Amino acid sequence: MHAAVVSYLQVALDVPLQRTFDYLWAGPAPTVGSRVVVPFGKQTLAGVVVAVSAELDPARGLTVAQLKASQAVLDDMPPLPADILALCKFCSDYYAWPLGQVIAAALPGALRQPQPWQGGQALQFWQALDVTALLGQLSPRAHKQRAVAEALAVPRSIEQVRAVAHDGGRWLKEWIAAGWVVEAVPQADTAPPQASAHPDLTACQASAVARLNAAQGYQPFLLYGVTGSGKTEVYLREIEARLAHGGQVLVLVPEINLTPQLEARFRLRFPHEHIVALHSGLADGERTRNWLLAAQGRARIVLGTRLAVFTPLPHLALIVVDEEHDQSYRQQEGFRYSARDVAVYRARQAQVPIVLGSATPAIESWRNMREGRYTLLTLGQRAVTGAKPPQMTLISTQQQRLFDGLTQTAINTLRDCLDAGQQALVFINRRGYSPVLACHECGWIASCKRCDARLVLHREDRRLRCHHCGWESPPPAQCPDCGNADLQPLGFGTQRLEETLTGLFPDTPPLRIDRDNTRRKGSLDAMLQQVHAGEARLLVGTQMLAKGHDFAGLSLVVVVNADAGLFSTDFRAQERLFAQLLQVAGRAGRAGLPGRVLIQTRYHDDPFYPQLMSGDYAAFADRVLQERKANDLPPYSAWAMLRAESKTLMRAVTYLREAVQLLRTQPGIHAGAPIPALMMRKANQERAQVLVSSSSRPALQSAMRFLMGELLQKKAPGVRWYIDIDPSEA
DNA sequence: GGGCGTGTATTT
DNA sequence: AATACACGCCCC
């Protein structure tokens, strides 16, 4: 008998508490990064070991008697590697969010449960030691068995075996027991893809690829190219080069909707590579499996949305962030982070190149490029020979009568386009039927009882919905204030536009595509299929349609109302509008057909439009940068937003006022006055916020750390607060 | 007393 | 976040 070995584990748990918890473990010390099951109050939770020691550190302020024992160390996942733990630690510090919750965000759902994951067998691959000998053992008439045996000439997962024959799993088990089949690791096939898969590169593309190929260690690139200039082909070439050297690549895309399309293109290009997708639309089991395959280094291409930025990749050699300006890279709830920024940090940490691609780069990235921190790669022309940038026209809605939101010019142009047998897209930035339901007698407007927001009328199911908290109800039969029975929808959403277009073009029924009718899995794919097949020629949609989809027959885009973004209080609104309109415009005329874009606006005189029409994003971005610098706005000053929610606005504001007092003791920090949030009330919580800024990011970081320490010690009944670093809206 | 909402202390 | 418990309130 030898003495029992006891280790002390520091465990990060998925709880909103700014500390880690200590547990005893009797037995051989687990590796840092291991998944453990621990008791926590009355609960049993899964956590990740972030430190192991042989003695209890007195600085933890605990006695051994206070510690509980960890229940289990799980081996269903390889311990989180040190680089991912370090990345999580960095994010926890930078974004002021509990480490345990950052780690939880980095793990797939099944690995956050306090039970071992049972899907491990799906990860194993099996191969026949000697196929000929095995075939000799089998009856010549057992065709199915023989087919399975032949398939096992190369490593196969149990799923692949079952796909060959229904009873494949049973036979596999027998053959493993008999020693005919053994576990095997699939070898990545390094045979070069067929030459046919390689389109010719333009001069710009070739030069971009050459410079990427030459990159060693950490080097960030800004790949700036108009829609249709062939950014994806540049990614593919560089990925191919990095894979050839045995590396793994991480490709981030803004939205789940874009992954199937890109995935298909990648599979076609790399038929022998193990490619996995990682996004929130996957079933838990599949996401866990894909995550583990990447973590084991078996999947060499990871294609995912923002959450994929935390995937362990032992042989990471390249990171690609497609459409790097896209807002979807920011997590807006809970652990607020920017996956693009985290990706850049990760590239530096892993000492690998990173490519940020966009036709309309984020102003922050543009500045990094202008100041020499990012290398600029420009793709100047459209890759399809003969394709020209779309012709943009402004239509003033001040001078023309509107017919249900559409000008006569727009209607005529739509008709010409449809008569010519081409496709058209009508773009509107609002889903639903109409934004407001109003009473013309007394001015009553349907609004949410829990938020400061208007309710949106959805015609299909006759419901009023709050797009902010999800509350819904049937529309009232009469005005609740004055009893008038004639309530009128005001303004336009996708659904009302769909109705209008149905009336205008009875022969070409419009296809509406927005979040409301694409919630079901696969429904968007089915609709896109219709578009590609030419069955749907008139499309109505929100920004969902603006992103990344290639519609060969589309030659006209009508933007119904561009003005909302023009006069916002948010200093980022104009660049978003610019990016959005350029993206939408990029949908028109991608393959040979000349594209036309009509933009309806009341403010056709605004200096914004000439720049948009010229399509010169570089000039626009430079001007925005100058303005930002002159006004000391991000990225020239570092911002953080301290937000507080409470039942009453008073309480939230009072709390923030105290926080401001604390902040003003810190050097180099500017803290404004607490103000009610843009949407003051949301889900029955009053919300207020304080903008904190500094010309020095380290100063801001240390001030926020100081503030956190102080606020955590203060008890504030009924007030919830959090810090939003680099907030996306003011 | 029982059945509730609400507020608050605790979690290693 | 989840949980448990201590209040106060109502029931009649």
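First the proteins, then the strands, lettered A, B, ... as listed; each starts at 1. In this text, all values refer to a predicted model and were calculated from it rather than measured experimentally.
Below 30°, between 30° and 60°, or above 60°: for A:F335 and A:W97 the angle between ring planes is below 30°, a parallel geometry.
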Scan nucleotides 4-12 of chain B against the protein and return all N/O pairs shorter than 3.5 Å with their distances rounded to 0.1 Å.
residue : atom : partner : partner atom : Å
B:dT11  : O3'  : A:G41   : N            : 3.4
B:dT12  : OP1  : A:G41   : N            : 3.1
B:dT12  : OP1  : A:K68   : NZ           : 2.3
B:dT12  : O3'  : A:D22   : O            : 2.6
B:dT12  : O3'  : A:K68   : N            : 2.9
B:dT12  : O2   : A:D22   : N            : 2.9
B:dT12  : O2   : A:D22   : OD1          : 3.2
B:dT12  : N3   : A:R19   : NH2          : 3.3
B:dT12  : O4   : A:R19   : NH1          : 3.2

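For the pair A:R19 and A:F21, the cation-pi criterion (under 6.0 Å, within 45° of the ring axis) is fulfilled.
As rounded to whole Å, 13 Å separates atom P of C:dA1 from atom CH2 of A:W721.
Close placement of the A:Y337 and A:F310 rings is indicated, their centers lying within 6.0 Å of each other.
Salt bridge A:D726/A:R697: present, at least one basic N to carboxylate O contact under 4.0 Å.
In this structure, CD in A:Q332 is found 4.0 Å from OG in A:S728, a value given to the nearest 0.5 Å.
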